[in-house]
Protein chains: 4
Amino acid sequence: MPKLGMEPIRREALVRATIDEIGDAGSLHVTVSQIARRAGMSSALAHHYFGGKDQIFLAAMRRILSDFGAEVRVELANAAPDRRAEAIIRACFAPSCFSPRAISAWMTFYVMAQTNAEALRLWQLYQWRLRSNLTHALRPVASDPKALAATLAALIDGLYLRSALNDPDTPETATRHALSVLRLLCAA
Amino acid sequence: MPKLGMEPIRREALVRATIDEIGDAGSLHVTVSQIARRAGMSSALAHHYFGGKDQIFLAAMRRILSDFGAEVRVELANAAPDRRAEAIIRACFAPSCFSPRAISAWMTFYVMAQTNAEALRLWQLYQWRLRSNLTHALRPVASDPKALAATLAALIDGLYLRSALNDPDTPETATRHALSVLRLLCAA
Amino acid sequence: MPKLGMEPIRREALVRATIDEIGDAGSLHVTVSQIARRAGMSSALAHHYFGGKDQIFLAAMRRILSDFGAEVRVELANAAPDRRAEAIIRACFAPSCFSPRAISAWMTFYVMAQTNAEALRLWQLYQWRLRSNLTHALRPVASDPKALAATLAALIDGLYLRSALNDPDTPETATRHALSVLRLLCAA
Amino acid sequence: MPKLGMEPIRREALVRATIDEIGDAGSLHVTVSQIARRAGMSSALAHHYFGGKDQIFLAAMRRILSDFGAEVRVELANAAPDRRAEAIIRACFAPSCFSPRAISAWMTFYVMAQTNAEALRLWQLYQWRLRSNLTHALRPVASDPKALAATLAALIDGLYLRSALNDPDTPETATRHALSVLRLLCAA
DNA sequence: AATGAATGAGGATTCATTCAT
DNA sequence: GATGAATGAATCCTCATTCAT
């Protein structure tokens with residue numbers, strides 16, 4: 001009697017395992033076997049469900065992006081209209097996005113995007129959404145919302161980067177940093 | 001007497017080839033053989049001179065850092081006292097540091113720093129120098145030089161990142177962006 | 001369900017192939033590929049089952065030791081109480097232990113024991129067992145069983161050595177030699 | 001002005017270095033470069049003088065044999081006619097032959113002899129001389145000098161073997177052991 | 001659905017040896 | 001006489017991927 005409906009469960013487990021494994025290893029140098037073992041199945045099954053290593057990685061990247069999107073939506077839902085930019089920044093540094101594991105995986109996908117077209121597309125989508133969200137949110141409070149959005153997006157990436165490299169910055173410090181820049185540049 | 005003095009030539013060629021190869025490939029997934037071939041020698045000779053793959057990569061990283069340091073020194077030498085921060089920013093986006101290849105290699109070393117202690121040390125050294133230079137340069141013009149230096153450093157890294165990911169930003173755009181943030185935040 | 005239970009078969013085949021290959025080559029200078037080919041599989045599979053070259057070699061060494069132990073047990077089971085020492089000596093030169101291949105492999109492992117801790121431990125275990133068995137067996141017939149056991153153990157090793165080096169000694173000659181020394185020294 | 005008469009000096013240095021290096025490493029896994037470095041010259045020069053690695057090893061083996069022969073001659077020169085067998089045994093365990101280094105090198109050459117014809121010839125020569133010397137020396141004191149010589153030769157090899165494998169036996173213990181067997185078997 | 005079995009392709013590293021100077 | 005330079009050929013090991021069951 002075959003088990004039914006295993007596919008989504010397996011895929012989910014593999015995606016989680018991929019993020020965790022990359023986060024632990026701190027690099028893309030992670031084998032399919034390691035991921036599969038962590039997900040509690042054989043590497044052959046991982047291939048069966050995803051077709052190949054790249055696809056597993058891309059699925060993990062999509063998952064990180066959608067987690068991020070969800071976080072943004074939650075924060076935006078509770079934000080006053082003139083606090084929407086703050087809310088987005090908070091979402092960026094929320095634990096689900098800014099844990100060491102997530103950061104490590106995130107940074108790693110940047111590298112993947114240098115060679116994999118689909119990964120690049122995903123990153124560009126993320127950038128477009130982030131900037132678009134920020135621009136929209138900044139419209140009530142900034143004189144040049146688009147430029148400020150670009151600045152904040154770059155700053156956020158930079159803060160991710162140094163957090164990935166063991167900078168002792170806590171999420172709180174990073175959040176405070178980004179928020180203070182937001183305030184200063186809105187005032188300017 | 002044998003042919004003499006090849007060592008510095010070979011090492012130099014390998015370092016160049018490493019940066020170029022990583023830049024072209026857009027990832028650390030570059031073999032010693034590829035590097036050696038590009039440098040016009042056998043992989044055995046590359047090992048002979050550097051001892052191993054990691055050391056070749058670290059030498060390339062050191063080279064990038066020292067190129068950057070030289071660029072900074074040049075720009076600072078020609079800068080008026082109240083333009084020193086600008087000068088540093090210009091150095092960051094000077095062609096020798098901001099060519100697609102250099103950026104790609106640079107980003108790639110970030111990944112290496114996640115697992116290699118010496119690479120991490122080198123990155124931290126770079127960060128410390130950059131921030132220290134910036135802090136010093138900002139003293140005459142900013143109310144909180146240290147905080148502003150941190151912001152600029154993060155912003156610069158973020159701009160590198162998106163440049164590495166095929167953002168159509170030109171060096172000029174990136175420079176203008178960073179300089180404008182500098183001005184706004186000094187005024188604030 | 002997949003093909004099952006190959007592991008013990010493969011391991012066994014590899015252990016046999018290792019002993020044969022070393023025996024043929026007459027040295028530790030034997031590659032994993034050679035062994036794997038002789039065992040009818042890829043070198044990758046050999047690594048998969050054993051983890052590395054050293055472990056393959058150690059498994060082969062363990063096999064030789066256990067073959068020897070079995071031979072001793074068989075001979076002892078059929079021996080009169082005052083013939084137990086003779087039985088042990090016969091076991092040492094039984095075909096399964098004293099074939100050219102086995103000797104060659106045996107000698108070769110001696111070399112391995114000079115640099116590999118686990119191999120050394122195995123050799124010491126073998127020595128301890130041999131001497132212990134001999135001492136016990138000699139108690140009824142010798143005045144200083146321990147000293148005589150040490151002498152016989154060294155003599156046996158020496159006879160192995162020259163057999164490994166193409167001495168025309170047959171197993172029978174070697175057995176007769178050792179037995180005659182046993183008799184002489186018991187009488188003394 | 002070329003240096004004259006360097007050849008014997010270089011060859012001597014290489015032979016010494018080979019023995020020392022093998023002794024230190026405890027195995028044949030010694031590179032020509034290591035040997036040459038220890039001998040204070042380039043590996044190219046080592047090849048120049050010896051033609052290849054095997055020849056270097058064979059030269060070292062010859063040296064060990066001739067050292068042994070010299071030791072035997074010295075001991076025999078000072079021995080009373082009925083003490084000649086004792087003298088040979090003492091020579092076998094004299095420091096120049098029985099130092100850990102010498103033993104390690106010695107054992108290692110046994111392995112070489114399994115594959116190299118010239119090494120085998122040298123070992124056989126050594127055996128022949130040892131047995132011949134012993135037989136001659138035993139004539140006045142043993143009933144079957146030839147058989148006893150064979151026994152002693154094998155015993156001596158066995159004692160070397162266990163000394164090579166870190167048996168705590170000192171040279172003195174080994175000497176006493178061999179001498180006591182000699183006495184017992186002469187009496188028998 | 002699931003997996004143990006199996007491998008080919010490749011990658012870092014080592015080393016004896018050759019050669020130009 | 002002497003050596004730095006240079007390499008081809010190996011060797012261990014890894015890993016994504018395929019397949020039979």
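In what follows, chains are A, B, ... by sequence order, proteins preceding strands, each numbered from 1.
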Visitor: Can you tell me the distance, in whole Å, between the CG atom of A:Leu28 and the P atom of F:dA16?
Guide: 12 Å
Visitor: What nucleic acid atoms does C:Tyr49 come within less than 4.0 Å of, heavy atoms only: base, sugar-phosphate, or nothing?
Guide: sugar-phosphate
Visitor: Is C:Arg62 paired with C:Glu118 through a side-chain N to carboxylate O contact shorter than 4.0 Å?
Guide: yes
Visitor: Hey, which of these two, B:Arg10 or A:Lys53, hits DNA chain F nearer its 5' end, going by closest nucleotide?
Guide: B:Arg10
Visitor: Name the orientation class of the two ring planes belonging to C:Tyr110 and C:Trp106 (parallel below 30°, tilted from 30 to 60°, perpendicular beyond 60°).
Guide: perpendicular
Visitor: Is E:dA1 paired to anything, Watson-Crick or G-U wobble with both distances less than 3.5 Å, and if yes, which nucleotide?
Guide: none
Visitor: Could you state the atom-to-atom distance from NE2 of B:His48 to P of E:dT17 in whole Å?
Guide: 18 Å
Visitor: For A:Ile35 and A:Ala17, which heavy atoms make the closest approach, and how far apart are they?
Guide: O-CB, 3.5 Å
Visitor: Let's test this: given Watson-Crick or G-U wobble pairing with both distances under 3.5 Å, identify the partner of E:dA20.
Guide: F:dT3
Visitor: If I take atom CD1 in residue B:Ile9 and atom P in nucleotide F:dA5, what distance separates them, rounded to the nearest angstrom?
Guide: 10 Å
Visitor: B:Met6 has a side chain; which of F:dA5, F:dT11, E:dA12 sits nearest to it?
Guide: F:dA5
Visitor: Which comes earlier along DNA chain F counting from the 5' end, the contact point of C:Leu45 or that of B:Leu45, where each point is its nearest nucleotide?
Guide: B:Leu45
Visitor: Charged N to carboxylate O below 4.0 Å: is that the case for A:Arg10 and A:Glu7?
Guide: no
Visitor: For the pair made of CZ in A:Arg11 and P in E:dA1, what is the distance, rounded to whole Å?
Guide: 12 Å
Visitor: Start at the 5' end of DNA chain E and walk down; is the nucleotide closest to D:Ala44 or to D:His29 reached first?
Guide: D:His29
Visitor: Which whole-number value in Å describes the distance from B:Leu4 CG to F:dA6 P?
Guide: 11 Å
Visitor: Any side-chain N or O of C:Lys3 under 4.0 Å from OP1/OP2 of E:dA6?
Guide: yes
Visitor: With heavy atoms under 4.0 Å as the rule, sort C:Ser42 into base, sugar-phosphate or nothing.
Guide: base
Visitor: Figure out the CD1/C1' separation between D:Ile35 and E:dT14, and round it to whole Å.
Guide: 15 Å
Visitor: Calculate the interatomic distance between C:Leu14 atom CG and E:dA5 atom P; express it in whole Å.
Guide: 13 Å
Visitor: To the nearest angstrom, how far is C:His47 atom NE2 from F:dC12 atom C1'?
Guide: 5 Å
Visitor: Go nucleotide by nucleotide along DNA chain E from the 5' end; which of B:Val32 and C:Ser43 gets its closest nucleotide reached first?
Guide: C:Ser43
Visitor: Just name whichever nucleotide pairs with E:dC15, Watson-Crick or G-U, keeping both distances under 3.5 Å, else none.
Guide: F:dG8
Visitor: I need the minimum non-hydrogen distance between B:Gln114 and A:Met107, along with the two atoms involved.
Guide: NE2-CB, 4.0 Å
